[in-house]
Protein chains: 2
Amino acid sequence: MIGIALIGASRFMNTQHVPAIKASGQFEIKAVYSRRQESAKETIDIIGHPVDLYADDLGENKSLADLLKREDISAVAIALPISVQADIVVKCLQHNKHVLSEKPIAKDIATAKSMMEIYESLRDTHSGLIWAVAEQHRFVPLHLEAKRLMNEKLGDISFFELTVTSVVDSDHPSFKSPWRKVPDYQGGFLLDGGVHALALLRLLVCSNTDFDSLYSSVRQIQPYLPPADTLVSKVDLKNGVSGTVTLSWGAAVRRLSLNVYGANGMLHVDGSNSVTFYPKESSLRSAPKPTPEVVTVTPKYEFQDAVLAEYQSFAESIQSGTIDEKLSPKEALADIAFIELSINSSDNHSPVKFTY
Amino acid sequence: MIGIALIGASRFMNTQHVPAIKASGQFEIKAVYSRRQESAKETIDIIGHPVDLYADDLGENKSLADLLKREDISAVAIALPISVQADIVVKCLQHNKHVLSEKPIAKDIATAKSMMEIYESLRDTHSGLIWAVAEQHRFVPLHLEAKRLMNEKLGDISFFELTVTSVVDSDHPSFKSPWRKVPDYQGGFLLDGGVHALALLRLLVCSNTDFDSLYSSVRQIQPYLPPADTLVSKVDLKNGVSGTVTLSWGAAVRRLSLNVYGANGMLHVDGSNSVTFYPKESSLRSAPKPTPEVVTVTPKYEFQDAVLAEYQSFAESIQSGTIDEKLSPKEALADIAFIELSINSSDNHSPVKFTY
């Protein structure tokens, strides 16, 4: 069992990480750190067995630094506000703790790259040190099933369309976090939520290639969603394939639709529990004809399954000393790079190369 | 009754124009011109009453020039291969015939503009002369219903996505025309079919604005569809709204989908006989919820209704001396401009302004 500490006591930590860590059977939760002890109460309840609490308002020997000195804790799970997380990830790595930190990897490319440089230099002396970035969309069973189906049936990709829209209003649970309401990082929800969409897209269309360039318009539609809530982009892959990406957290409807068109048909992924492959000659103009082969997977707890898979993969990475690509900072960096480069592209009214 | 002659004897002329002209009750078909008399047989059958046939292989007094001398013929309907049509449109206008010519207006912007200049100069002396370009997508009852619904319910447009894909193989009826199989004009099916999609898009999103700029990738996916069959574009409107346009005649599935997202919901138009408006807070991620108000129109002969409406509008334009905007060369020029500017944009890997 790998001794692990939880850094942060958010709703997502409580509802997703804790159950996944317990279900994985690979980790033993030893401690929880939160800025204020009050915030960690629910987390400790959910853990359900005695753990040590560390908090800034608990006095002596109860700081994060104290937690990081413990030798029985070799890993940490970090889920903190975007702008706070980077320094703490680095601090944990510098204490030779294996880290699983929540997406996005950082608030911008520069921060992420500087974190990655520090990590690489630490690996020079501690080669098995693992820094994993949790992006559950790379682990959602439905998405992996979509990829399998695509590889089996689609043939060469012709073009693609990704659309993710959401309605964020005062009732939106995420909007209750003050740091999300008044974001001190670029892109606001576009960064925070957009990386998930990009991870899904890249999982499916960037297998043996990557984005080559993009041209985006980034706008703020809802006055209460600064600095931006909507992104519309044309993307070209290095292999010559083009596609479109539309992301909006300022929309009036909720929608997830990824269509990947290929030589033999079209793969459709949406926010439901099914992936559809429409074979060649299908007509989606009225009733699909010929009847497409619909493949359905219905995991009971889709996201929880994904977070569980993240922890299983994190444990394997620690044991082998080699990171699972799906957890790698490099992949997570590409996701935020799309958002940052889109903002640059929009500001300059110019296509940008996908280099950073 | 307006005396009209048919120029060209294609399948579309026979199945769409002739029934629409007859149903309009505004025109009397006096004559048919075709390059070869043989080709016009079916057209004359469908007309069902005696008309004069003009053809290049009929000898003296039976040429197109002879037809155009007739004073009892004041209008012509022209449906000819794209590269042939421009000269004949001009010739008919120069003989003071009102013209309804099929889309696309011409093979390129330069040709269309030169035709429009000639037309304008002819109107200096014959102010009531009408040149109408037939684009049935601006007259399809479903599309007009979509526009009405949008104006009534959508609120300000946030962004939009248009996708039209088609499967063109050796069985495709359009592919049997030799001039379509080996196109001598830019864009191939992208020009020929794409203008319909652009007309639909512009009808809905360009009411009080127009395209400002676009950035497109234009590719040939199917080796038998030169010079290009696929276009992927990001489009910005002058009012700051952005959207995506994906057109492919080299796809493996058939699909038409136009989503216009606005302040109060989303309007969805597809190739079926219905338009759907999803009100605010709708979730399209699984079953739509709350139940969207679905408006359905089910015209018996949708395209025929549209062509009929074109002829009614053409007759009114002739009678009033003022062209219906939906038939205007200016609108038809904008549709082909999108395709030509997209090709330029793709060739130069650069966004282009929507000016021409």
Side-chain angles (χ1 to χ4, degrees), chain A residues 154-156 158-161 163 165 167 169 213-219 221 230-236 240-246 248 250-257 259 261-266 270-273 278-289 292 346 349-351, chain B residues 154-156 158-161 163 165 167 169 213-219 221-222 230-236 240-246 248 250-257 259 261-266 270-273 278-288 292 346 349-351:
Chain A
L154 192 73
D156 285 347
S158 304
F159 49 95
F160 59 85
E161 305 157 338
T163 303
T165 70
V167 184
D169 50 30
S213 63
L214 54 89
Y215 183 47
S216 304
S217 293
V218 177
R219 279 177 75 204
I221 292 177
T230 299
L231 180 160
V232 177
S233 190
K234 177 177 84 79
V235 186
D236 299 312
V241 167
S242 298
T244 61
V245 174
T246 301
S248 181
V253 300
R254 295 181 177 84
R255 183 157 185 257
L256 187 158
S257 172
N259 295 321
Y261 299 76
N264 307 321
M266 185 188 95
D270 59 30
S272 73
N273 280 337
Y278 295 92
K280 202 160 183 165
E281 301 283 342
S282 295
S283 176
L284 288 84
R285 299 185 66 134
S286 47
K289 200 183 112 179
S346 184
H349 302 284
S350 172
Chain B
L154 192 73
D156 285 347
S158 304
F159 49 95
F160 59 85
E161 306 157 337
T163 303
T165 70
V167 184
D169 51 29
S213 63
L214 54 90
Y215 183 46
S216 304
S217 293
V218 177
R219 280 177 74 204
I221 291 176
Q222 303 300 347
T230 299
L231 180 160
V232 177
S233 190
K234 177 176 86 78
V235 186
D236 299 313
V241 167
S242 299
T244 61
V245 174
T246 301
S248 181
V253 300
R254 294 180 178 84
R255 184 158 184 256
L256 186 159
S257 173
N259 295 320
Y261 299 76
N264 306 321
M266 185 187 95
D270 59 29
S272 73
N273 280 337
Y278 295 92
K280 202 159 183 167
E281 301 283 341
S282 294
S283 177
L284 288 84
R285 299 185 66 135
S286 48
S346 184
H349 302 283
S350 171

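Treat the numbers as computed from the prediction; the structure is a model and nothing was measured. We use all heavy atoms of the structure for the numbers below, so side chains are in, but hydrogens, waters and symmetry mates are not.
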Pairwise distance CZ(B:F160) to OG1(A:T246) - rounded to 0.5 angstrom: 9.5 Å
Part of A:T230 lying under 4.5 Å from any heavy atom of chain B: side chain
Interface moiety of A:N264 toward chain B, non-hydrogen atoms closer than 4.5 Å: backbone
Top contributor to chain A contacts, counting heavy-atom pairs under 4.5 Å, from B:G155, B:S233, B:S248, B:G240: B:G240
Residue pair B:Y278, A:R255: steps toward the side chain to side chain donor-acceptor pair (under 3.5 Å) verdict: CA-CA 11 Å; B:Y278 295 92; A:R255 183 157 185 257; over 6 Å; no
Least distance between heavy atoms, A:A252 atom then B:G265 atom: CB-N, 3.4 Å
Partner set under salt bridge (Lys or Arg N to Asp or Glu O under 4.0 Å) for B:R219, not counting sequence neighbours: none
Under 3.5 Å side-chain donor-acceptor pair for A:K234 and B:S217: yes
Interface moiety of B:S158 toward chain A, non-hydrogen atoms closer than 4.5 Å: both
Step-by-step side chain to side chain contact (heavy atoms under 4.5 Å, CB included) determination, A:E281 to B:D169: CA-CA 10 Å; A:E281 301 283 342; B:D169 51 29; 2.9 Å; yes
Proximity breakdown for A:I221 and chain B, heavy-atom pairs closer than 4.5 Å: side chain
Audit row: A:H349, B:D236, side chain to side chain contact (heavy atoms under 4.5 Å, CB included) steps and yes/no: CA-CA 10 Å; A:H349 302 284; B:D236 299 313; 5.9 Å; no
Per-residue contact mode, B:D156 against chain A (heavy atom under 4.5 angstrom): neither
Residue, of B:D270, B:V235, B:V245, B:T165, that accumulates the most heavy atom pairs under 4.5 Å with chain A: B:T165
Pairing residues for B:Y215 by the ring-ring contact (aromatic ring centres under 6.0 Å, His included) criterion, not counting sequence neighbours: A:Y215
Under 3.5 Å side-chain donor-acceptor pair for B:T163 and A:E161: yes
